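First the structure, in the form of C-alpha cells, and then the observations on it.
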Amino acid sequence: MIEMNIICAKKLCLYYRDFQALKDIDLDVPAREITALIGPSGCGKSTFLRTLNRMNDLIQGVKITGEVTYHGENIYAGQVDVTALRKSIGMVFQKPNPFPMSIYDNVAYGPKLHDNLSKAELNDLVERSLRGAALWDEVKDRLKKSALSLSGGQQQRLCIARALSVSPDVLLMDEPTSALDPASTMKIEELMGHLKQDYTVVIVTHNMQQAARISDRTAFFLTGDLVESGKTDEIFSMPKDKRTEDYITGRFG
Amino acid sequence: MRPYNAFLGVHMKTKNIVEKTMQAVFFALGMVTIIAVATISAFLIINGIPAIREIGLWAFLSGQEWRSTGANPAFGILPFILTSIYSTIGAILIGVPIGLMTAIFLAKVANPRLAAVVNTAVELLAGIPSVVYGFVGMIVLVPLVQRTFALASGAILLSAILVLSVMILPGIISVSRTALAAVPREYEEASFALGATKTETIFKVSVPAAKSGIAAGVVLGIGRAIGEVMAVLMVMGNVPNMPNLFEPARSLTTAIAMELSYATGFQRQTLLSIGLVLFCFIMMINLILNFALKRGYKA
C-alpha cells in the first residue's frame with residue numbers, strides 16, 4: 001500500500017515565549033510531491049517548516065503543543081531520536097551554507113557521522129549525491145577545492161547534495177532560491193522537479209510564481225494561521241478564501 | 001543667488017584647520033608606539049651583541065654552564081633556553097585543553113547566565129598581578145608539590161609549569177571564545193539538520209571553523225608563558241641547571257631578573273644578550289600570531 005501522507009500536523013501551536021507564532025495548524029504532506037508554503041513575511045511558514053525536523057528545538061523559549069506525525073509517529077513524543085529524525089528529514093536553508101571545507105568533505109560530512117563507510121563507498125556516495133543535485137559535472141575535477149569557491153547557485157546545489165548524502169526521505173527547503181540569481185533559481189527549480197520522483201519536498205517560498213510553477217500542493221499562511229491548503233492549480237485558479245485571493249493576486253504581502 | 005557657495009565660507013576654513021591639526025595629533029601619537037619599539041630593539045641589539053661577540057654566538061647559545069660570578073666564569077645559556085621552552089610547552093599542554101574546553105563551554109554550551117558568571121571569573125583571572133600568582137604558588141603549590149612527590153624542594157620546573165598553565169588560561173579562553181562565537185550559526189544549523197549531535201557539531205564544524213582564532217589564542221598563551229618573570233621567579237627554584245621536571249631550573253626571563261640588581265661590567269652585558277635572545281623568541285611568536293590572525297580573517 002502506498003502511504004499517502006508522510007507528514008501530518010495536527011492542532012500544532014508554537015509559542016516564542018508569549019508570542020504565538022503558529023495557531024492550530026492542521027496540514028498533511030503527501031509523499032513524492034512538492035508542497036509549497038506561501039504567505040507574507042512573518043506569517044509562520046518558515047517556523048512551521050522548522051517544526052517538521054525539530055530545528056526549533058535549538059531556539060530558547062520555544063514551546064510546542066499539538067503533534068506532528070512522521071510515518072504515523074508523533075515526532076514530539078518523549079523518546080524520539082531527534083538526530084535520526086533529522087537524518088530522515090533533510091533541510092536546505094535560505095542562505096547557501098556550505099561548511100568551510102572542501103566540496104568532497106561537505107558531502108561526506110553527513111555519511112561519516114552515521115556510517116562507517118570504506119573510502120570507495122564514500123567516494124561513490126559523494127558522486128551519487130552530487131549527481132542527484134545536478135552538480136557533479138561542474139565539480140568532479142575539483143572535489144578537493146574549498147566549497148566557498150563555488151558560485152552562490154552551485155553552493156546551494158552543494159547544500160542539496162549534502163542533504164541527499166544521508167539518504168533522507170523528505171527534503172525541507174526554506175526559501176532555497178531567494179538569495180540566488182534567476183539562472184541559478186531556474187536550475188534549482190528544474191532540479192526539484194527531478195527530486196520529487198524520489199523525495200517528498202516541502203518548500204517555503206515568498207515567490208508565488210515559483211510556488212505555482214513547481215508545486216503540486218500549496219498551503220497559504222497568514223499571521224500564524226493556515227488559511228487554506230490544497231492542490232496548487234486550485235488554490236491559484238479558484239481560492240476559497242478571500243484572503244488567499246487577495247494575497248495571490250498581489251493585493252498585499 | 002548663491003546655491004553652491006552656501007556650503008563654503010569662513011567656518012569651512014576653520015574646520016579644515018581643525019581637521020589638519022587633529023590628523024597631525026593622531027599621527028604623532030601613533031608614532032609613539034613605533035618609537036618605543038624601535039628604541040627597545042636598538043637598545044637590545046646595540047647592548048646585547050658585544051658580549052655575544054666576545055663569547056661567540058654558538059658558545060653562548062649552546063653552552064651548558066652558567067657561572068657568571070665564579071673565578072672561572074662560564075656563560076652558556078642553553079639551560080635557560082631549554083627551561084623557557086619546556087615550561088612553555090608544559091603550560092600549553094595543560095592550559096590549552098582546559099582553555100579550549102572552557103571557551104567551548106562559554107560560547108556553545110552554557111546558558112547565558114552561567115556563562116556571564118564564568119566569564120567574570122575569567123576576566124578576574126586575567127587581572128590578577130603575576131606577583132600574586134607567584135605568591136599563591138609559593139605558599140600553596142610549592143609545598144604541595146614537595147609533599148606529593150617527596151622532594152627536597154617543591155620550587156621546581158613542574159611548579160612553574162602549573163602556575164603558568166593557569167596564567168595563560170584567560171588569554172586562551174577569551175580569544176578562542178570570541179572565535180567560536182563568531183562561527184556562523186548557519187554552519188551549525190546545517191550540521192544539526194544532517195542529524196549531528198551537539199558534540200559532533202562542536203568538534204567537527206565549530207572548532208575547525210574557528211581554528212585560526214584558536215591558534216591565535218594558543219600563540220598568545222605561548223607569548224605570555226615565555227615572557228613571564230615574577231611568578232616563575234617565585235616558584236621555580238632558579239638554579240641554572242639543565243632543565244628537569246622535578247628539579248629547580250632557571251628560565252631566560254628569570255636569568256636576567258636574578259642578577260640584574262647587582263651585575264656590573266661584562267656580567268651585565270651578558271644579561272643584555274640574554275634579553276636579546278628572549279626578544280628574538282618573542283618576535284618569532286608575534287610573527288606566527290600575525291600569520292594566524294591573517295589566515296583567520298581570510299577564512
Side-chain angles (χ1 to χ4, degrees), chain A residues 46 49-50 52-61 81-102 105-115 129 146-149 155-156 158-168 170-174 179, chain B residues 100 103-119 175-217 291-299:
Chain A
S46 286
L49 190 79
R50 294 166 75 94
L52 304 183
N53 65 343
R54 293 190 53 171
M55 286 299 275
N56 285 317
D57 289 13
L58 306 172
I59 302 165
Q60 288 206 335
D81 177 358
V82 180
T83 59
L85 174 78
R86 294 200 185 121
K87 185 171 173 279
S88 303
I89 305 182
M91 191 164 208
V92 176
F93 298 82
Q94 181 171 3
K95 205 177 122 208
N97 59 349
F99 299 128
M101 312 169 181
S102 72
D105 288 340
N106 261 278
V107 185
Y109 179 84
K112 276 186 186 164
L113 292 175
H114 302 292
D115 302 300
S129 306
S146 166
L148 303 178
S149 68
Q155 288 189 10
Q156 194 62 303
L158 179 64
C159 293
I160 294 173
R162 185 175 63 187
L164 298 182
S165 69
V166 291
S167 332
V170 180
L171 271 184
L172 307 178
M173 304 181 121
D174 190 359
Chain B
L100 180 58
I104 291 172
F105 176 72
L106 288 175
K108 302 292 172 194
V109 183
N111 71 49
R113 217 173 296 161
L114 182 56
V117 174
V118 178
N119 217 18
V175 175
S176 309
R177 191 193 54 132
T178 310
L180 283 165
V183 172
R185 177 106 195 105
E186 289 86 9
Y187 293 164
E188 286 153 9
E189 285 201 324
S191 173
F192 288 126
L194 287 164
T197 62
K198 184 145 191 172
T199 308
E200 286 168 335
T201 301
I202 287 171
F203 285 105
K204 293 180 177 177
V205 174
S206 314
V207 169
K211 62 175 187 282
S212 309
I214 294 169
F291 183 70
L293 283 176
K294 258 192 206 121
R295 284 198 34 177
Y297 289 128
K298 227 189 287 169

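All chains are named by letter (A, B, ...) in the order of the sequence lines, taking the proteins before the strands, and each is independently numbered beginning at 1. Please read all numbers here as calculations on a predicted model, not as lab measurements.
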Q: Would you mind checking which part of B:Glu188 comes under 4.5 Å of any heavy atom in chain A, side chain (CB onward), backbone (N, CA, C, O), both or neither?
A: neither
(Q) I'd like to verify something: which residue of A:Arg54, A:Lys95, A:His114 has the highest number of heavy-atom pairs under 4.5 Å with chain B? (A) A:His114
Q.
For chain B, which candidate among A:Lys87, A:Lys112, A:Arg162, A:Met91 shows the most heavy-atom pairs at distances under 4.5 Å?
A. A:Arg162
Q. Considering residues at least two apart in sequence or located in another chain, which fulfil the ring-ring contact (aromatic ring centres under 6.0 Å, His included) criterion with A:Phe93?
A. none
Q.
With a 6.0 Å cut-off (strictly less than), is the heavy-atom count around NZ of B:Lys204, excluding the residue itself, greater than 12?
A. yes
Q | Region of A:Pro168 that comes under 4.5 Å of a non-hydrogen atom in chain B | A | neither
**Q.** Contacts of type side-chain contact (heavy atoms from CB on, under 4.5 Å), residue A:Ser167, not counting sequence neighbours
**A.** none
**Q.** Note, B:Phe105 side chain near B:Leu114 side chain (heavy atom, < 4.5 Å)
**A.** yes
